[in-house]
Protein chains: 2
Amino acid sequence: MLKITKKVEYALIAIRHLQENQDNLVPVSDISASYGIPKEILAKTLQKLASSNIIESYKGPAGGYKITKKVAKITLNDFFEILEGPTAIMDCYFQDGCDHLNSCNIRTPINKINDSIRNLFNNLTLADISQ
Amino acid sequence: MLKITKKVEYALIAIRHLQENQDNLVPVSDISASYGIPKEILAKTLQKLASSNIIESYKGPAGGYKITKKVAKITLNDFFEILEGPTAIMDCYFQDGCDHLNSCNIRTPINKINDSIRNLFNNLTLADISQ
DNA sequence: ATATATGCGATAATAATTGTCGTATATAAT
DNA sequence: ATTATATACGACAATTATTATCGCATATAT
Ligand code: FES
Ligand code: FES
């Protein structure tokens, strides 16, 4: 439990790689080959990051991806939520219609813990992944 | 991603319930009925907690579970690890033989983040779940 | 034109989680 | 002694989430 997904892992690896190669356009195949990441899954992940303007994409030969300047300002929480939706250790942190809400005796403390975790991820940026 | 399991959710609900009923022995069926938790799965979870001496078990009629005094000192990290094994957002935090170790460019930052999360859970106890 | 690269939806394979069933053991009460 | 209640434990089934693959479309540099 409490695992990040491979999708996020791959994305973080890619972000760091792009940060270390800021001067070049890097195609997906380069990254997937370098780190042994399945190409298609990485491609779709980077597409999502591109549509969120975290990276820029260029099509065609000699095309690829490039990091944007704002990357250093993207928090880990934003990054996670772009790829995986709301960060919550239990669904009922966001979901309003929880069946057990009436009888539930742990909602408040769980939400506090969740706040702490979100706070942690809100105070880290993608720049912190490259150190 | 980053979800706790139902097993842990159920266990936390049970712990809080037992804390609120310290004077009685509470059978699994009471808790499972009160919160709509599948009985068998809760039973096995409480058995694990009993064998770790977090709660005490009494067999036979009028038997059930009872909280121990040391509960307030059990950290959430210990609790999680009893039920789900090592707390790690990625396997390679603990696992030594990661295939990607040579090429991996995010191990150090990921491990730092993991330390922060473990630190968070090490500074909360089961008593904090009952507030 | 052609080769290379991203963009996108559908679907398959795998793994993890969640839940069920059957049986054994202990014990209090009758 | 017998019965009813409760924990203890292992094997298995069902469900869900994650991970990976496939096919086709679009853009663009040469
Ligand atoms: S389980 Fe949803 S509110 Fe507690
Ligand atoms: S993926 Fe295992 S060390 Fe980075």
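Letters A, B, ... are given to chains in the order of the sequence lines, protein chains preceding strands, and every chain is numbered from 1. Excluded from the calculations below are hydrogen atoms, water molecules and symmetry mates; all remaining heavy atoms, backbone and side chain alike, are included.
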Separation of I31(B) atom CD1 from dA6(D) atom P, in whole Å?
12 Å

If you restrict it to nitrogen or oxygen atoms, what contacts under 3.5 Å exist between nucleotides 19-25 of chain D and the protein, and what is each distance?
from, atom 1, to, atom 2, distance (Å)
dT19(D), OP1, K6(A), N, 3.4
dT19(D), OP2, K6(A), N, 2.9
dA20(D), OP2, Y10(A), OH, 2.9
dT21(D), O4, K44(A), NZ, 2.9

Checking I89(B) now: which residues fulfil side-chain contact (heavy atoms from CB on, under 4.5 Å) with it, not counting sequence neighbours?
I4(A), L2(B), I110(B), I113(B), N114(B), I117(B)

Report the residues that fulfil salt bridge (Lys or Arg N to Asp or Glu O under 4.0 Å) with E20(B), sequence neighbours left out, ordered by chain and then residue number.
R16(B)

Neighbour count above 12 (heavy atom, 6.0 Å) for K66(A) NZ
no

Rounded to the nearest Å, what distance is computed from the CD atom of residue Q47(B) to the P atom of nucleotide dT7(D)?
8 Å

Under 4.0 Å from any heavy atom of chain A: name the first and the last nucleotide of DNA chain C that qualifies, 5' to 3'.
dA3(C) to dT17(C)

Residues at least two apart in sequence or cross-chain that pass salt bridge (Lys or Arg N to Asp or Glu O under 4.0 Å) with K44(A), listed by chain then number, are none

Of all residues at least two apart in sequence or in a different chain, which pass the ring-ring contact (aromatic ring centres under 6.0 Å, His included) check with Y10(B)?
none

Establish, with yes or no, whether the OP1 or OP2 oxygen of dA8(D) is under 4.0 angstrom from a side-chain nitrogen or oxygen of Y65(B).
yes

Can you tell me which residue pairs pass the ring pair (Phe, Tyr, Trp, His ring centres under 6.0 Å) test with a partner in residues 16-68 of chain B, sequence neighbours excluded?
H17(B)-Y35(B)

How many whole angstroms separate atom NZ of K3(B) from atom C1' of dT16(D)?
13 Å

Which residues share a side-chain contact (heavy atoms from CB on, under 4.5 Å) with A33(A), sequence neighbours left out
none

Report the stems of DNA chain D as range-with-range entries sorted by first number; a stem here is at least three consecutive pairs, Watson-Crick or G-U wobble, both distances under 3.5 Å, and write none if there are none.
C:1-30 with D:1-30

Only counting residues at least two apart or in another chain, list the ones meeting ring-ring contact (aromatic ring centres under 6.0 Å, His included) with Y93(A).
none

It should be established whether S51(B) places a side-chain nitrogen or oxygen under 4.0 Å from OP1 or OP2 of nucleotide dA8(D).
no

Atom CG of L25(A) and atom C1' of dA29(D) are separated, to the nearest Å, by 12 Å

Please state how far atom CG in L83(A) lies from atom C1' in dA17(D), giving the value in whole angstrom units.
16 Å

Under the side-chain contact (heavy atoms from CB on, under 4.5 Å) test, residues paired with K69(B) that sit two or more places apart:
none

Using only atom types and a distance under 3.5 Å, with no angle test, would you say the side chain of D128(A) pairs donor to acceptor with the backbone of L124(A)?
no

Non-neighbouring partners of E56(B) that pass salt bridge (Lys or Arg N to Asp or Glu O under 4.0 Å), sequence neighbours left out:
none

